[in-house]
Amino acid sequence: MRERPCHMTSSDLYDIVIIGAGPAGLAAGLYANRARYNTLVLEKVGVGGQLLSYEKVDNYPGFPEGVSSFELVELFKAQAEKFGMQHKNADVTGLETDGPIHVIHTSEGDMRAKAVLVASGCTPRKLGVKGEAEFTGRGVSYCAICDGPFYRNAEVAVVGGGDTAVEEAIYLTKFASRVHLIHRRDELRAVKILQEEAFQNDKITIHWNTVVEEIRGGDQGVSELALLDVVTRETSSLPVPGVFVFVGLLPNADFVPQQVERDPQGFLVTDDAMVTAVPGIFAAGDVRSKSLRQIVTAVGDGATAAFNAGRHVESLSHAG
Amino acid sequence: MAGKNVIEINDSNFEQEVLKSDLPVLVDFWAPWCGPCRAIAPVVEELSNDYAGKLKVAKCNVDENPNTPARFGIRAIPTLILFKGGNVTEQITGAVAKSQIAAAVEKVVS
């Protein structure tokens, strides 16, 4: 066995450290605190996670009229805090396991925990084309609710064909005069109800079998997209000042040790108790390998992971 | 709701408060309808306290003040811009970690 690493700072030893304060992390925080475990929730930016990038939530049970994402986050947070949830802003940079103790390296110093619950969510996948990085924030966007209002009466493009792309294309018609939905296949992957809504919306034009090859612009930001029809191989240009990219998600798992098994897309693999390949490390929510990434599944993961993290903490104290 | 070390700026006082400021200035361009802006607000406030006396921290509501963001080509929020001596030294788009903003601030405070 290697020598004990020398990061025994004055940091406290927590029962459970939860990484991420989106729906999964907040639900885990609620369950862990209510079960009286000494728990800390770490959040990189602010409480809410990706949920704050959406305007309204229509499919979370208990809200027949829908609920604003702000309001839902505030409700999750208030309920967890009622049971004593503490959270801290910190960017997690690494996670090491040292016997039964896990050391979490963060921008605010090291923290130690008997169990770690990874609920760090996802980041929107980039298109990976020329001009994307250069014009991010100046025409390239990954958040329709944040940036849609900058395009009142303008034409914009949306790239993607899944639920998020179609839902946000519909949302953008509130501002834009026309929304060009650019999709690489000849059918959408989004659920039927969203497809029907998009097909019926006369402000949405769908460009089938089409990919963006380059995002072009100048000092004023984006001015046009270079498009390719993947069937006919014809190229064209679409003059738009804005392009919204919704082409999937990448798990925020760079800090998670390689001993934790991943699926081919890089999501963390767990069993149905949210246990990863490393004892004491649990995963919940969008960062986990699963078939449905929704708020309703994230909170279920969070509760299950917190429950089993608690059992793990108990097993350590009985063994010790 | 700005903290005690965060000032509100608008289209009419931007020149005076930001471009002519003796201290470097961090401007947080935001709007009430933007969730990630809400997420990043406490981080901006923390930075205003961490760098009190060395950095001026300001918030600009892009809904009420369209001219200033347009001047800097801003079409996404939250956008944070660091100014020193009237020039842009860094532009950060999206809700990022405090450590990333602090690293940019460290380069301009002396």
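Chain naming here is simple, since letters A, B, ... match the order of the sequence lines and numbering starts at 1 in each. In this text the structure is predicted, and so the values were computed from the model without any measurement.
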Please find the pair of heavy atoms, one from [X] and one from [Y], that lie closest to each other, and give the distance.
| X | Y | value |
| --- | --- | --- |
| A/F150 | B/V62 | CZ-CG2, 4.0 Å |
| A/V45 | B/V43 | O-CG2, 3.5 Å |
| A/L52 | B/A39 | CD1-CB, 3.7 Å |

Candidate polar pairs, chain B side and chain A side, donor-acceptor under 3.5 Å:
residue, atom, partner, partner atom, Å
B/R75, N, A/G137, O, 3.1
B/R75, NH1, A/P241, O, 2.3
B/R75, NH2, A/Q220, O, 2.4
B/I77, N, A/D147, OD1, 2.8

Legend entry - Engaged part of B/A95 at the chain A interface, taking heavy atoms whose separation is under 4.5 Å: both

Inset, instruction - Sort out for me which of A/G148, A/P149, A/G48 touches chain B most, counting heavy-atom pairs under 4.5 Å. - result: A/P149

